[in-house]
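So the structure is just underneath, and the comments pick up after that.
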Amino acid sequence: MSKFFSLSLVAVAVAGGLTLYWRWPAAVPEVLPAAAVVVPSRQSSTERLSLPAAKAPAEAQSSITATLPSLADTEVDGQLRTDAAGNLVLDLALRDYFDYFLSAVDHSGLDAVIEALLADANQRLTEPALGQMIGLLGDYLDYKRASMALMQQPLEARQQVDPQAQLQALQSAFARMDELRRAHFSAAAQEALFGAEQAYARYTLDSLALQQRDDLGEAQRTQMLEQLRARLPDALRESEQRQQLALEQLQHSEQLWRDGADEQQVREFLAMTYDPDTVQRLLDEQRHERDWQHHYQAYRNELASLQGRGLSEADGEQLQRQLRERLFSSEDRHRVETYDAIAAKQPEPLDP
C-alpha cells in the first residue's frame, strides 16, 4: 500500500469521525476531566416544566422503555450530580446522560425523547439543579442542530484525495466547531462538556500536521510529537501513551506476520503484554483483517479485469456494484466503497 494511500486513509478516518460525532448519539471520550463545574442557578428555567412525582428506579426504567422502545434492556448511561448546595454539577457524565436519551431520536422522535428525559431527570434532581439541567438541555439541543448542519457539509474533490487538503479541511472544521461551542455555552460549560475532547482533537490534528512535514528528520519529528503529547491533560496523556504503546505492539505483531512468523510466535510476543483472553482476541482480529485484505485485493484484481474490457462508464459502474454485492456482505460494502473511492485517485495500483 502506498504512503499516499495510507495518509489518505488516516485523514478520511479522522474526517469520518468528526462527521459521525454530530449524529445522534454523540461520541463521548472515556476520560473524564478531573474537575467538575457547578452551573449557577437559573430561576427562569424552573418555570418551564411541571413533572409528575418521583417513581422508584425500576418503575422509572420501565417508563423509559415504554416511551422509547429502542432503549429496552439498557440502563441509563451517564450521571446527574449535585453539589452540597443542590446545584447541578456539569461534567462529561451529564453529556453521557443527554446522549443516552438522544440516541433514540431516530426511532422515537425528538418529542418523545425529551419527554422521557425530563420525566427521568425529575426523579433524580430537585431544584435548583432540575431547572439548571433543563436550561442546559435547551442549549445542548440548539448546539446539536447547529453543529449537525455545519459538519454535514461534504468534502470537495481535492479534499477527498489530497492529505494536505484533508488536514486543512479538518483544521477548519475544528475551528468552526470551537466557535459554535463558544456561541452556545459559557466558557465553564464548554470546558466541562468538551474540554477533554477538544484537547485530544487538537493534539491529533497537530500530530497529523507534523507527519506531513518533509523538512523534519525522524528524531526531530519524534521530539516534537513528545512535546505535543506533554501538553495534553494528565489523564488524556496517560490514555494516549497506552494507546500508542498498544499500537506499536500491534504493528510489531503485524510485522511478524509479514516476516513469516507462525501464530505461536505471534502469540508468544503478544503474551508478554496481554492476558491470554486478550491475546486470543487480538489474534482473531488480526486473522480477520488479513483475510479481509486478501479478499479485497482479489476483488480489485477481478475488478481490473472487468475494467479492461473497454466497457462504458455506466456499464463499468454497474458491474462494479454487482461485484461488490457478490463478494462482500452488506456490512463490509461501505468500507469497500471507501477504499475504492481513494484507490480511484491513486497514481499507482494498490498493493496487497
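Keep in mind the model is a prediction, meaning the values are calculated, not measured. No hydrogens, no waters, no symmetry mates; every other heavy atom, side chains included, goes into these values.
- Scanning for salt bridge (charged side-chain N to carboxylate O under 4.0 Å, His left out) contacts around Glu263 gives Arg267, Arg287, with sequence neighbours left out.
- Listed by chain and number, the residues in a ring pair (Phe, Tyr, Trp, His ring centres under 6.0 Å) with Phe269 are His252 (sequence neighbours excluded).
- Side-chain rings of Trp292 and Tyr299 stay apart, their centers remaining 6.0 Å or farther from each other.
- Remark: Arg326 engages Glu302 in a salt bridge, criterion side-chain N to carboxylate O under 4.0 Å.
- Between Tyr140 and His184, the distance separating the two ring centers is not shorter than 6.0 angstrom.
- A salt bridge is defined here as a Lys NZ or Arg NE, NH1 or NH2 lying under 4.0 Å from an Asp or Glu carboxylate O, and Glu197 with Arg202 fails to meet this definition.
- A search for side chain to side chain donor-acceptor pair (under 3.5 Å) contacts involving Asp77 returns nothing, not counting sequence neighbours.
- Scanning for side chain to side chain donor-acceptor pair (under 3.5 Å) contacts around Ser70 gives an empty result, with sequence neighbours left out.
- Take Tyr97 and apply the ring pair (Phe, Tyr, Trp, His ring centres under 6.0 Å) test, not counting sequence neighbours, and it matches Phe101.
- For the side chain to side chain donor-acceptor pair (under 3.5 Å) test, residues two or more places apart in sequence or in another chain that qualify with Ser253 are Gln286.
- Listed by chain and residue number, Asp275 satisfy the side chain to side chain donor-acceptor pair (under 3.5 Å) test with Thr278 (two or more places apart in sequence, or in another chain).
- Of all heavy-atom pairs between Arg324 and Arg333, the closest is O-NE, 3.8 Å.
- Remark: Arg221 engages Glu218 in a salt bridge, criterion side-chain N to carboxylate O under 4.0 Å.
- With sequence neighbours excluded, the residues satisfying salt bridge (charged side-chain N to carboxylate O under 4.0 Å, His left out) with Arg281 are Glu285.
- With rounding to the nearest 0.5 angstrom, the CD atom of Gln123 is 11.5 Å from the CG atom of Leu118.
- The salt bridge (charged side-chain N to carboxylate O under 4.0 Å, His left out) analysis of residues 251-262, with sequence neighbours excluded, yields no pairs.
- In this structure, Leu88 and Leu94 approach most closely via the heavy-atom pair CD2-CD2, 3.8 Å.
- With sequence neighbours excluded, no residue forms a ring pair (Phe, Tyr, Trp, His ring centres under 6.0 Å) with His107.
- Under the rule for a salt bridge (charged side-chain N to carboxylate O under 4.0 Å, His left out), the partners of Glu289 that lie at least two apart in sequence or sit in another chain are Arg335.
- Side chains of Gln198 and Glu191: no donor on one and acceptor on the other come within 3.5 Å.
- Of the inter-residue distances, the one linking Asp291 atom CG with His294 atom NE2 reads 7.5 Å to the nearest 0.5 angstrom.
- Atoms CG and CZ, on Leu137 and Phe98 in that order, are 4.5 Å from each other to the nearest 0.5 Å.
- Rounded to the nearest 0.5 Å, atoms CD (Gln265) and CH2 (Trp257) are 9.5 Å apart.
- Under the rule for a salt bridge (charged side-chain N to carboxylate O under 4.0 Å, His left out), Arg321 has no partner lying at least two apart in sequence or in another chain.
- Side-chain N/O atoms of Gln79 and Asp96 include no donor and acceptor closer than 3.5 Å.
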